[in-house]
Amino acid sequence: MNYWLVKSEPSVYSWTQLEEDGNVVWDGVRNFSARNHLRAMKKGDRVLFYHSNEGMAVMGVAIVSSEAYQDPTDDSSTWSSVDLIPETRFNTPVLLKMIKTDSLLSQMQFVKQSRLSVSAVTSKEFDLICELGNSSS
DNA sequence: GCCAACGTTGGC
DNA sequence: GCCAACGTTGGC
């Protein structure tokens, strides 16, 4: 299994919205590196769901429920989408501030490439984020 | 195929 | 609201 992180501005699409919807078509990605990550996703892969701009924290874990297919919002056959479903809501969102102070987590791809909207996560990083997110503060 | 200009993202 | 980072575009 592989691990990923997607970013979303909560004013555009939030974790709470994902929980209400039960699933989401992750469309609108218009960056080649991010698209390639979408295409590498397998059903069952875990995806950290990060709030950018407001909140700036990993909110929980989603699951890839459908592998990459033609982005329905794209006419040019260039871009791809996947489907995500919510799995676990962290009881303690893992703040970017905290991630940046950790020697392991501060090396995460999404920290180093802050504009990449879909990034890869190692299993170590994933486990530690989950540990922090599931611990009661 | 290079690179300057431009637009967008996202943290602060 | 500012600005740094960086991906994309387009002229040459």
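Excluded from the calculations below are hydrogen atoms, water molecules and symmetry mates; all remaining heavy atoms, backbone and side chain alike, are included.
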J.: For A/Glu9, what residues pass the salt bridge (charged side-chain N to carboxylate O under 4.0 Å, His left out) criterion, not counting sequence neighbours?
T.: none
J.: Would you find a donor on one side and an acceptor on the other, under 3.5 Å apart, between the side chain of A/Asp71 and the backbone of A/Ser81?
T.: no
J.: I'd like to check the side-chain hydrogen bond (donor to acceptor under 3.5 Å, both in side chains) partners of A/Ser76; sequence neighbours left out, ordered by chain and number.
T.: A/Asp74, A/Thr78
J.: For A/Trp15, does its backbone N or O pair with a side-chain atom of A/His51 as donor and acceptor, under 3.5 Å?
T.: yes
J.: What are the residues of residues 25-32 of chain A, sorted by number, that bring a heavy atom to within less than 4.0 Å of DNA chain B?
T.: none
J.: Using a heavy-atom distance cut-off of less than 4.0 Å, which residues of residues 49-57 of chain A contact DNA chain C?
T.: none
J.: Throw together a table of side-chain donor-acceptor distances under 3.5 angstrom for residues 97-104 of chain A, partners on residues two or more places apart or in other chains.
T.:
unit_1   : atom_1 : unit_2   : atom_2 : d
A/Thr101 : OG1    : A/Met98  : O      : 2.7
A/Asp102 : OD1    : A/Leu104 : N      : 2.8
A/Asp102 : OD1    : A/Leu105 : N      : 2.8

J.: Please determine, by modelled atom types, if A/Arg35 and A/Ser80 share a side-chain donor-acceptor pair under 3.5 angstrom.
T.: no
J.: Got a sec, which residues hit side-chain hydrogen bond (donor to acceptor under 3.5 Å, both in side chains) with A/Tyr13, two or more places apart in sequence or on another chain?
T.: A/Asp21
J.: Applying side-chain contact (heavy atoms from CB on, under 4.5 Å) to A/Leu18 and A/Met59, what does each step give before you reach the verdict?
T.: CA-CA 11 Å; A/Leu18 176 59; A/Met59 303 304 292; over 6 Å; no
J.: First contact, last contact: which nucleotides of DNA chain B are these for chain A, 5' to 3', heavy-atom distance under 4.0 Å?
T.: B/dG7 to B/dC12
J.: For A/Ser135, is there any backbone N or O sitting under 3.5 Å from a side-chain donor or acceptor partner on A/Thr92?
T.: yes
J.: Does either side chain, that of A/Ser33 or that of A/Arg115, offer a donor lying less than 3.5 Å from an acceptor on the other one?
T.: no
J.: Kindly write out the residues that satisfy side-chain hydrogen bond (donor to acceptor under 3.5 Å, both in side chains) with A/Ser52, not counting sequence neighbours, or none if the list is empty.
T.: none
J.: Find the bend of the helix from B/dG1-C/dC12 to B/dC12-C/dG1 as the angle between its two terminal axes (five pairs each), to the nearest 10°.
T.: 10°
J.: Would you indicate what A/Lys100 reaches in the nucleic acid, counting non-hydrogen atoms under 4.0 angstrom: base, sugar-phosphate, or nothing?
T.: sugar-phosphate
J.: Can you pull out every ring pair (Phe, Tyr, Trp, His ring centres under 6.0 Å) where at least one residue sits in residues 57-84 of chain A? Sequence neighbours excluded, please.
T.: A/Phe32-A/Trp79
J.: Please report, to 0.1 Å, the donor-acceptor pairs under 3.5 Å made by any side chain of residues 40-50 of chain A, with sequence neighbours excluded.
T.:
unit_1  : atom_1 : unit_2  : atom_2 : d
A/Asp45 : OD1    : A/Asn2  : N      : 3.0
A/Asp45 : OD2    : A/Trp4  : NE1    : 2.9
A/Asp45 : OD2    : A/Lys42 : N      : 3.0
A/Arg46 : NE     : A/Glu87 : OE1    : 3.2
A/Arg46 : NE     : A/Glu87 : OE2    : 3.3
A/Arg46 : NH1    : A/Gly44 : O      : 2.8
A/Arg46 : NH2    : A/Glu87 : OE2    : 2.9

J.: List in numerical order all residues of residues 108-120 of chain A for which some heavy atom is under 4.0 Å away from an atom belonging to DNA chain B.
T.: A/Ser114, A/Arg115
J.: Spell out, as yes or no, whether a donor-acceptor pair under 3.5 Å connects the side chain of A/Lys112 to the backbone of A/Ser106.
T.: no
J.: Between A/Ser117 and A/Val29, is any pair of side-chain heavy atoms under 4.5 Å apart?
T.: yes
